[in-house]
Amino acid sequence: MDWLKANINNPNLVIVDLRLYEDYQKGHLKNAVNIPGLESLFDDNFFMPKLDILKELFSKAGIDSNKLVVAYDNGDFIWAARFYWILQTLGHENVGISKVAYGKELMDNFEISTVDFIANRSEFIPRIDNSKIETKLSTLLSIGNKTIIDGRQEEHYDGKKSIAKRFGHIPTAKNYACTQNFQVNEAGNKMREFSELKEIYKDIPKDKKVLLYCDGGADSALNYIVLQELGYKTAVYDGSWAEWGNDESVPIENPSK
């Protein structure tokens with residue numbers, strides 16, 4: 001919040017609102033560009049959209065290699081997090097998310113607008129960092145070699161619910177639901193302090209790379225941000241359970257059976 005206040009008029013700052021367009025229209029931080037998370041950051045199969053689509057999306061939003069980018073969303077934090085992870089995977093490191101979601105606290109502290117903000121187009125040049133993204137094959141090879149974290153709710157991890165035809169989780173995966181990372185707050189949901197987050201993740205060893213997945217690569221992106229800030233080397237399996245849970249050829253563990 002303090003950082004954003006100090007930099008709000010920085011000409012190199014791009015503010016991105018990841019909420020639905022109808023929510024954006026009702027009010028948003030002045031000069032924030034709208035990129036609705038669910039419809040912009042996934043293809044039809046819940047993978048990262050193709051490179052040319054993302055290049056155009058980010059160029060249109062005014063993002064280039066010189067820009068500082070700050071994202072916020074409705075309080076789920078997963079849309080801002082997926083946006084952050086995609087930008088970093090495409091080589092743009094200067095990105096952060098607001099610790100406070102859109103709500104009373106932001107509205108009281110910043111100028112709010114109901115006019116659509118059209119950014120000056122920039123040229124976004126992707127420089128893909130493969131260390132931040134995992135595939136089905138690399139995830140399969142990680143079982144027993146890397147720490148695997150499932151960011152879904154417990155009932156999905158335990159195999160009681162599933163968005164895919166199979167139920168359960170990837171073998172050896174530990175369950176850390178991404179909702180542990182923030183507090184629900186009437187004035188706008190808020191990320192937990194790092195001292196609390198450090199405590200939540202204290203049992204994860206730092207000497208192994210951490211592979212993250214969820215249902216479709218958004219919940220895991222929030223765990224990615226937090227663990228990265230805590231000093232872990234992390235990557236997101238983009239296909240996540242939507243891909244793994246529908247493929248009979250890869251192993252699963254189902255505690256509910």
Side-chain angles (χ1 to χ4, degrees), residues 1-19 24 27-37 40-41 48-49 51 53-103 105-113 115-129 131-133 181-182 188-194 197 218 221-232 234-236:
M1 181 82 85
D2 293 341
W3 185 92
L4 193 54
K5 270 187 175 169
N7 287 274
I8 198 76
N9 295 314
N10 182 336
N12 269 339
L13 179 69
V14 175
I15 304 170
V16 181
D17 181 317
L18 278 296
R19 297 174 303 151
Y24 172 83
H28 52 265
L29 296 193
K30 191 179 179 219
N31 296 344
V33 63
N34 183 226
I35 298 180
S40 308
L41 304 178
M48 191 190 288
L51 208 50
I53 292 171
L54 290 170
K55 188 176 183 300
E56 176 59 23
L57 182 72
F58 297 153
S59 295
K60 213 172 147 185
I63 301 169
D64 60 39
S65 58
N66 299 314
K67 297 293 196 308
L68 293 163
V69 184
V70 172
Y72 68 86
D73 65 19
N74 62 346
D76 291 336
F77 288 103
I78 59 175
W79 313 112
R82 182 163 174 90
F83 172 78
Y84 173 111
W85 168 69
I86 288 177
L87 262 190
Q88 284 207 336
T89 301
L90 299 187
H92 192 90
E93 289 289 334
N94 277 336
V95 57
I97 67 168
S98 169
K99 278 187 166 180
V100 184
Y102 193 82
E105 195 171 333
L106 284 186
M107 290 159 82
D108 287 349
N109 283 281
F110 295 95
E111 194 177 337
I112 301 300
S113 170
V115 179
D116 287 14
F117 177 68
I118 310 298
N120 290 325
R121 187 186 170 90
S122 287
E123 209 46 54
F124 181 81
I125 298 163
R127 297 174 184 83
I128 295 171
D129 182 349
S131 71
K132 291 179 167 48
I133 188 165
N181 297 320
F182 62 89
N189 291 357
K190 222 174 189 160
M191 290 293 291
R192 290 188 187 278
E193 293 301 323
F194 279 115
L197 292 167
L222 185 55
N223 285 350
Y224 165 89
I225 291 181
V226 170
L227 286 167
Q228 198 181 48
E229 287 293 320
L230 292 174
Y232 291 87
T234 56
V236 172

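Judged purely by atom type and a 3.5 angstrom limit, Y224 has no side-chain atom pairing as donor or acceptor with the backbone of K132. Side chain of S59 to main chain of F124: a donor-acceptor pair is present (N/O by atom type, distance under 3.5 Å, no hydrogens or angles). Remark: side-chain polar atoms of D17 are not paired, donor with acceptor, to backbone N or O of N34 under 3.5 angstrom. Although no hydrogens or angles enter the test, the distance criterion places a donor-acceptor pair under 3.5 Å between the side chain of N10 and the main chain of N12. Between the side chain of H92 and the main chain of Y84, no donor-acceptor pair closer than 3.5 Å is present.
With rounding to the nearest 0.5 Å, the separation of NE2 in H28 from CZ in F110 is 14.0 Å. We find the CD1-CG distance between I78 and N223 to be 11.0 Å, quoted to the nearest 0.5 Å. Taking CD1 from I63 and CG from N94, the interatomic distance works out to 11.5 Å, rounded to the nearest 0.5 Å. Interatomic distance, CZ of R127 versus CD of E93, reported as 11.5 Å (0.5 Å rounding). Y24 contributes atom OH, which lies 7.0 Å from atom OG of S113 (distance to the nearest 0.5 angstrom). To the nearest 0.5 Å, atoms CZ (R82) and CG (L18) are separated by 11.0 Å.
Across L4, I97, L29, a single residue satisfies side chain to side chain contact (heavy atoms under 4.5 Å, CB included) together with Y72, and that is L29.
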Full working for side-chain contact (heavy atoms from CB on, under 4.5 Å) between N7 and V70:
CA-CA 10 Å; N7 287 274; V70 172; over 6 Å; no
field: Stepwise side-chain contact (heavy atoms from CB on, under 4.5 Å) check, V69 with F83
entry: CA-CA 10 Å; V69 184; F83 172 78; 3.6 Å; yes
Worksheet item: Yes or no on side-chain contact (heavy atoms from CB on, under 4.5 Å) for K60 and V33, after CA distance, side-chain angles and deciding distance?
Response: CA-CA 9 Å; K60 213 172 147 185; V33 63; over 6 Å; no
| request: Evaluate the criterion side-chain contact (heavy atoms from CB on, under 4.5 Å) for residue pair I133 and M48; output intermediate values, then yes/no. | output: CA-CA 10 Å; I133 188 165; M48 191 190 288; 3.8 Å; yes
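The shortest heavy-atom contact between L106 and V100 is CD1-O, 3.7 Å. Heavy-atom minimum distance, W85 versus A221: CB-CB, 4.0 Å. Residues G62 and S122 share a closest heavy-atom pair of O-OG, 3.3 Å. Among all heavy-atom pairs drawn from S131 and A235, the shortest one is O-CB, 3.4 Å. Heavy-atom minimum distance, G75 versus A101: CA-CB, 3.2 Å.
Ionic pairing of K67 and D64 is present here: one or more N-O contacts between side-chain nitrogen and carboxylate oxygen are shorter than 4.0 angstrom.
Residues L54 and P126 are not in side-chain contact: their nearest non-hydrogen atoms beyond the backbone lie 4.5 Å or more apart. Using a 4.5 Å cut-off on side-chain heavy atoms (C-beta onward), F117 and I15 make no contact. Using a 4.5 Å cut-off on side-chain heavy atoms (C-beta onward), N181 and M191 make contact. Using a 4.5 Å heavy-atom threshold, the side chains of V226 and F77 count as separate. Proximity of L90 to F58: side-chain heavy atoms (C-beta onward) are separated by under 4.5 Å at one or more points. L51 has its side chain within reach of I128: a pair of non-hydrogen atoms, C-beta onward, lies under 4.5 Å apart. At least one side-chain heavy atom of L222 sits under 4.5 Å from a side-chain heavy atom of F182.
Checked by atom type, the side-chain pair D73/Y102 shows no donor-acceptor distance below 3.5 Å.
Taking a 6.0 Å sphere around CD of E111, one finds it holds 12 or fewer heavy atoms contributed by other residues, nucleotides or ligands.
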